[in-house]
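Input: a single structure, listed below in structure tokens.
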Amino acid sequence: MLVISGPSGSGKSTLVKRLLQDTRVVFSISCTTRPPRPGELDGRDYHFLTLEDFRARVERNAFIEWAEVYGNLYGTPREPIERALAEGKVYLLEIDVQGALKLKSLGVEATYVFISPPDLATLRARLEGRGTDKPEAVERRMSKARDEMNEAPRYDHIVINRDLEAALAEVRRLAGLSDSTGETGA
Ligand code: ADP
Ligand code: 5GP
């Protein structure tokens, strides 16, 4: 299992998209109460749930962890993990810092990787450049990023995403995907 987290704008989605080109990697589809963004598909990007449905799953112990992030609830379904691991796949979780550290403190066996921007000025430039957040939201993400950066030493590995290809190669190495057998080149 490979757990990836880091501040918003550090490049997690970009790295995950590239990692998923490898057929040995399976993406953990989280459940969330936030509405889909344009282009997102239910069952591919997330399972989009009502608050009621999400709470019922919490009651059923259906999540290995769940957390509130920016006012919405997010949870990692327990059920698909065993299957993927039994098939010898790398099961990839892209979750927030609270969720990752919760799993680590529970003793869940995984490689915990913190994706860090080179520095906060670069992070701000990337958040602004991405163009998906209003100025207030950028400020909120920056202030949260400062706190999240303090948690980085608790991870197994910190990967600084300066050059994308170098960061990708490092994450692949940490996940045991360095040889190219599973790459589709897609
Ligand atoms: P996250 O998923 O962590 O919020 P994204 O993957 O959306 O972050 O990346 C934030 C922005 O930074 C995107 O516009 C992305 O294209 C850009 N980006 C990611 N990695 C790099 C990099 N190594 N160099 C320059 N820009 C990058
Ligand atoms: P977004 O709404 O932008 O897709 O995600 C917001 C944040 O929620 C990101 O930091 C993402 O990593 C995190 N996240 C997504 N799924 C989960 C999950 O299942 N559990 C936790 N704890 N965080 C998640």
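These numbers come from a predicted model, not from an experiment. Each ligand, and each atom within it, is numbered from 1 in the order the structure gives.
The shortest heavy-atom distance from Gly129 to ligand 1 is not under 4.0 Å. At least one heavy atom of Pro7 sits closer than 4.0 Å to an atom of ligand 1. Heavy-atom distances between Arg162 and ligand 1 reach below 4.0 Å in at least one pair.
With rounding to the nearest 0.5 Å, the separation of OH in Tyr112 from CD1 in Ile4 is 13.0 Å. Expressed to the nearest 0.5 Å, how far OG of Ser116 lies from CD of Glu148 amounts to 11.0 Å. Between atom CD1 of residue Ile29 and atom CG of residue Leu92 there is a gap of 11.5 Å, rounded to the nearest 0.5 Å. Rounding to the nearest 0.5 Å gives a distance of 12.5 Å between CG of Leu19 and NZ of Lys17. To the nearest 0.5 angstrom, Lys144 atom NZ is 5.5 Å from Asp96 atom CG. Interatomic distance, His47 NE2 to Thr33 OG1, rounded to the nearest 0.5 Å: 14.5 Å.
Which of Ala167, Ala125, Gly11, Ser5 comes nearest to atom 8 (O) of ligand 1 through a heavy atom is settled by distance: it is Gly11. Of the listed options Arg141, Arg126, Arg130, Arg126 places a heavy atom closest to atom 22 (C) of ligand 1. Of the options Ile95, Ile64, Val3, Asp96, the smallest heavy-atom separation from atom 22 (N) of ligand 2 is shown by Asp96.
At a heavy-atom cutoff of 4.0 Å, ligand 2 is contacted by no atom of Lys102, backbone or side chain. Contacts between His47 and ligand 2 below 4.0 angstrom, taking non-hydrogen atoms only, are absent altogether. Neither the backbone nor the side chain of Gln98 has a heavy atom within less than 4.0 Å of ligand 2. Contacts with ligand 2 closer than 4.0 Å are made by side-chain heavy atoms of Tyr46 only, the backbone lying farther away. For Thr76, heavy-atom contacts with ligand 2 shorter than 4.0 Å involve the backbone as well as the side chain.
For atom 2 (O) of ligand 2, the closest non-hydrogen atom of the protein is Tyr74 OH, 2.4 Å. The nearest heavy-atom contact from the protein to atom 10 (C) of ligand 1 is Gly9 O, 3.6 Å. In terms of protein heavy-atom proximity, atom 16 (N) of ligand 2 is nearest to Ser30 OG, 3.0 Å. Closest to atom 11 (C) of ligand 2, if we only count protein heavy atoms, is Glu94 OE2, 3.5 Å. Atom 6 (O) of ligand 1 has its closest protein heavy atom at Thr14 OG1, 2.5 Å. Of the protein's non-hydrogen atoms, the one nearest atom 20 (N) of ligand 2 is Glu65 OE2, 2.6 Å. Protein heavy atom nearest atom 3 (O) of ligand 2, with residue, atom name and distance: Arg37 NH2, 2.9 Å. The protein heavy atom nearest to atom 2 (O) of ligand 1 is Ser13 OG, 2.5 Å. Taking atom 23 (N) of ligand 1 as the reference point, the nearest protein heavy-atom neighbour is Asn161 OD1, 2.8 Å.
When each atom of ligand 2 is checked for a heavy atom of Ala67 under 4.0 Å away, the hits are 22 (N). Ligand 1 places these atoms under 4.0 Å from at least one heavy atom of Ser8: 4 (O). Atoms of ligand 2 lying under 4.0 Å from at least one heavy atom of Gly75, given by number and element, are 18 (C), 19 (O). Atoms of ligand 2 found under 4.0 Å from any heavy atom of Arg34, numbered from 1 in the order shown, are 1 (P), 2 (O), 4 (O). Atom numbering of ligand 1 starts at 1 in the shown order; those under 4.0 Å from a heavy atom of Leu164 are 20 (N), 23 (N). Contact atoms of ligand 2 toward Val69: 7 (C), 8 (O) (distance under 4.0 Å to a heavy atom of the residue).
Using a 4.5 Å heavy-atom cutoff, the side chains of Leu127 and Ser8 are in contact. The shortest side-chain heavy-atom distance between Asn161 and Arg126 falls under the 4.5 Å cut-off.
Ion pair Glu165/Arg18 flagged as a salt bridge, since at least one NZ, NE, NH1 or NH2 atom sits closer than 4.0 Å to an Asp/Glu carboxylate oxygen. Electrostatic pairing of Glu87 and Arg24 does not count as a salt bridge here, judged by no charged N lying under 4.0 Å from a carboxylate O. The existence of a salt bridge linking Asp133 and Arg140 is excluded, since no basic side-chain nitrogen approaches an acidic carboxylate oxygen closer than 4.0 Å. Taking 4.0 Å as the cut-off between side-chain N and carboxylate O, Glu151 and Lys104 do not count as a salt-bridged pair.
Considering backbone and side-chain N/O of Lys12, one or more are found under 3.5 Å from N/O of ligand 1.
A cation-pi arrangement is present between Arg141 and Tyr70, with the terminal nitrogen or guanidinium carbon under 6.0 Å from the aromatic centre and inside a 45° cone about the axis.
Here the side chain of Thr32 pairs no donor or acceptor atom with the backbone of Phe48 at under 3.5 angstrom.
Among all heavy-atom pairs drawn from Glu94 and Phe27, the shortest one is CB-CE1, 4.1 Å.
Defined by atom type and a distance below 3.5 Å, a donor-acceptor pair is present between the side-chain atoms of Thr132 and Arg130.
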